[in-house]
Amino acid sequence: MTKFSRCNPWSLGVGLICLVLIAPIVLIFASLALPQYEVWQHLAETVLADYVTNSLLLAFGVGVLVVLIGGPLAWAVARYEFVGRSHIQWLALLPLAMPAYIIAYCYTGLLDFAGPVQSALRASFGWKYGEYYFPEIRSLSGAVLMLSLVLYPYVYMLAKTAFSELPSSMEETAKSLGCSTSQFIFKLVLPIARPAILMGAALAMMEAFADYGTVQYFGISTFTTGVFRTWFGLGNGIAAAQLAAMLTTFVMLLLILEFYSRRKIKYYSQGQKRGPRPRTQLRGARGILVAGLCLLPIILGFMIPVGQLLYWSIHTYSAQLDAAFVSLVWNSFYLAAITALVVVSLAVLFAYAKRLNTSRGIHAVINTVSLGYALPGTVIAIGAMLILTQLDIYLNDLTEAWFNFTPGLVLSGTLFALVLVYSIRFLAVAMHNLDTGMARVKPSLDEAAKSFGVSAWHIIRTIHIPLLKTSIFSACLLVFVDVLKELPATLILRPFNFNTLAVRTFELASDERLMEAAIPALAIVLVGIVPVVFLSRMTDKQNSR
């Protein structure tokens, strides 16, 4: 059996698919072998320093702020009982449904010079332009705040689990040794929870590196905006790929630093099954104060933006809900549905290939493909575009030579390119769910089926898919919503005259038509709530076990 598992056609086929999916990422780094001296000299003399500085400040600013928001929120929910806690613990996940570029549009409409906040201040105090100071929302600090308000749930989810799993006797033992509450938190709790907190912060920082909509709207020069300018402004795909390689290097360094920071951190429980530690009751004003502080990031990161979108939608829905909007919804939904089916199908194949083949080679290749989620959509899109464009050129030359016919853009100008990039980008989301579900299926079921001569395809159809229904559904749901929200890859690769809700929202907001952008933005947010609620319920079930 081991010999079969090493050489079976299943693993070979999966390996070939993986190589296709890895190719755009490999090409990004291969572009460094073709120096673009003039372009790089121009970039170095003008904007390259801004790209590096702003990207690093944005990512590390978001990393610090999400820890300051998500960490204390997780501690309060995990360790204290106060009014509204049962609702706050899942409401805190709702900002995940709010794309960063949409919250940026909402707060710009609220806080800019012509918005209701500054208008009310001028009307109340009789101030005129230049007579008062008001923070500029369209700034680097504003972008850090916008991204942090929607990304802090990464830290919150992981830290809450870490805090909830602390042994119930730990605090009692610490106090018996004379530790104060602050010493207990900083010397015991935070070192134990540090890997989870750092992982959440790293995820948020990777999202900040990948962001395009927010920084573009705020006019901040980062690597993502630089890739677009080099590709579309200078018309140099190779230089754009080299900028994308630099951005990918920063992301990879972040992953290495995160791994290095926790490589020697190992904590083990003694194995005794203890009941959950009873949460400390907070009553009266103290409980209300903690509840208010816990609600603050939820209000700022979800309720206020949604309220603003609803307000704008009420005033514009009669003009926006037309045939064009229905076409946007249809384009977005069927593109997301097709991608979800493709990605989940690939995830099932890969998960079963890892189950069949225990060798390190196939596992390493599949895990490398799964790293696509750590890379910005801009990076993968540039690599795929370079490959598919060249393939289209070869295909047109071939058909013209053989049949005197040129089909035009067959790969690079169609939905195939989008589905390919989405598959690379979001495969890890589905793989996580399928790997977890596949691990719960007993290997003896496969062995029993093989003893009757049943093929691998039949085993998947009749055994694994029925047993993995929940994992498959959750993976489809998460990929569907991720595709619905994806902006930079869609902007680069979408076919001519093909728009999605995300692209239309970005176009209207870029033209300062924020009220008209409310309907498509609200549609994205409302659909995004579904997997957040699903994720919250799954987390609650796991924590209750």
Spell out, as yes or no, whether a donor-acceptor pair under 3.5 Å connects the side chain of S148 to the backbone of L65.
no
In terms of heavy-atom contacts, does OH of Y311 have more than 12 from other residues, nucleotides or ligands at under 6.0 Å?
no
Judged by modelled atom types alone, do T225 and Y51 share a side-chain donor-acceptor pair under 3.5 Å?
no
If you take all heavy atoms of P488 and F228, which pair is closest and at what distance?
O-CZ, 3.5 Å
Donor-acceptor pair, side chain of D50 and main chain of S221, under 3.5 angstrom
no
Can you name the one residue among N499, T414, N331 that meets side-chain hydrogen bond (donor to acceptor under 3.5 Å, both in side chains) with R494?
N499
Set of residues satisfying salt bridge (Lys or Arg N to Asp or Glu O under 4.0 Å) with respect to E207, sequence neighbours excluded
none
Determine, stepwise, if the pair I28 / V379 fulfils side-chain contact (heavy atoms from CB on, under 4.5 Å).
CA-CA 8 Å; I28 288 294; V379 171; 4.1 Å; yes
Can a donor-acceptor pair be found, under 3.5 Å and without considering hydrogens, that links the side chain of T399 to the backbone of F405?
yes
Crowded around W330 CH2? As in, over 12 foreign heavy atoms under 6.0 Å?
no
What I'd like to find out is whether the side chain of F426 reaches to under 4.5 Å of the side chain of L478, using heavy atoms alone.
no
If you take all heavy atoms of L487 and G213, which pair is closest and at what distance?
CD2-CA, 3.7 Å
Rounded to the nearest 0.5 Å, how far does CD1 of I102 lie from OG1 of T214?
9.5 Å
Assess, by modelled atom type and distance only, whether the side chains of S332 and R504 contain a donor and an acceptor separated by less than 3.5 Å.
no
Which heavy-atom pair separates V150 from P153 by the least distance, and what is that distance?
O-CD, 3.6 Å
What's the shortest heavy-atom distance between A201 and V66, and which atoms?
CA-CG2, 4.2 Å
For V39 and A239, work out which heavy atoms get closest and say how close.
CG1-CB, 3.6 Å
Got a donor-acceptor contact below 3.5 angstrom from the T339 side chain to the L335 backbone?
yes
For the CG atom of L151 and the CE atom of M205, what is their distance to the nearest 0.5 Å?
11.5 Å
Hey, does F223 have a side-chain heavy atom less than 4.5 Å from the side chain of V52?
yes
Begin from the C-alpha positions of L48 and L243 and carry the test side-chain contact (heavy atoms from CB on, under 4.5 Å) through to its verdict.
CA-CA 9 Å; L48 186 59; L243 273 176; 4.2 Å; yes
Inspect the surroundings of CZ in F473 and state if more than 12 heavy atoms from other residues, nucleotides or ligands are less than 6.0 Å away.
no
Aromatic ring centroids of Y105 and Y217 under 6.0 Å?
yes
Residues L418, L415; criterion side-chain contact (heavy atoms from CB on, under 4.5 Å); working and verdict
CA-CA 5 Å; L418 275 173; L415 294 181; 3.9 Å; yes
Closest non-hydrogen contact found for C106 with Q308 is O-CG, 4.1 Å
Could you label the plane-to-plane angle of the Y152 and Y156 rings as parallel, tilted or perpendicular, counting under 30° as parallel and over 60° as perpendicular?
perpendicular
For a 4.5 angstrom cut-off between non-hydrogen side-chain atoms, does L58 reach I220?
no
Once you round to the nearest 0.5 Å, how far does CE of M385 lie from CG of L27?
13.0 Å
What is the distance from atom CG of L514 to atom OG1 of T505, rounded to the nearest 0.5 Å?
11.0 Å
With heavy-atom distances below 4.5 Å as the criterion, would you say the side chains of D511 and E516 are in contact?
no
Are any non-hydrogen side-chain atoms of C18 and F350 less than 4.5 angstrom apart?
yes
Taking the side chain as every heavy atom from C-beta outward, state whether D482 and Y422 have any atom pair closer than 4.5 Å.
no
L149 side chain reached by F302 side chain, heavy atoms, under 4.5 Å:
no
Does some side-chain heavy atom of F218 sit less than 4.5 Å from a side-chain heavy atom of S139?
no
Parallel, tilted or perpendicular for Y334 and F498, by the 30°/60° rule?
perpendicular
Quick one: CG on L247 to OG1 on T224, what's the gap to the nearest 0.5 Å?
7.0 Å
Within the distance-only criterion (no hydrogens, no angle test), does the side chain of Y101 pair as donor or acceptor with the backbone N or O of Q216 below 3.5 angstrom?
no
Which is it for L395 and L391 under the side-chain contact (heavy atoms from CB on, under 4.5 Å) test, yes or no, and what are the steps along the way?
CA-CA 6 Å; L395 182 61; L391 288 176; over 6 Å; no
Checking the side chain of T230 only, and the main-chain atoms of V227 only, is there a donor and an acceptor separated by less than 3.5 Å?
no
Rounded distance [0.5 Å steps], CG in L411 versus CG in L493:
12.0 Å
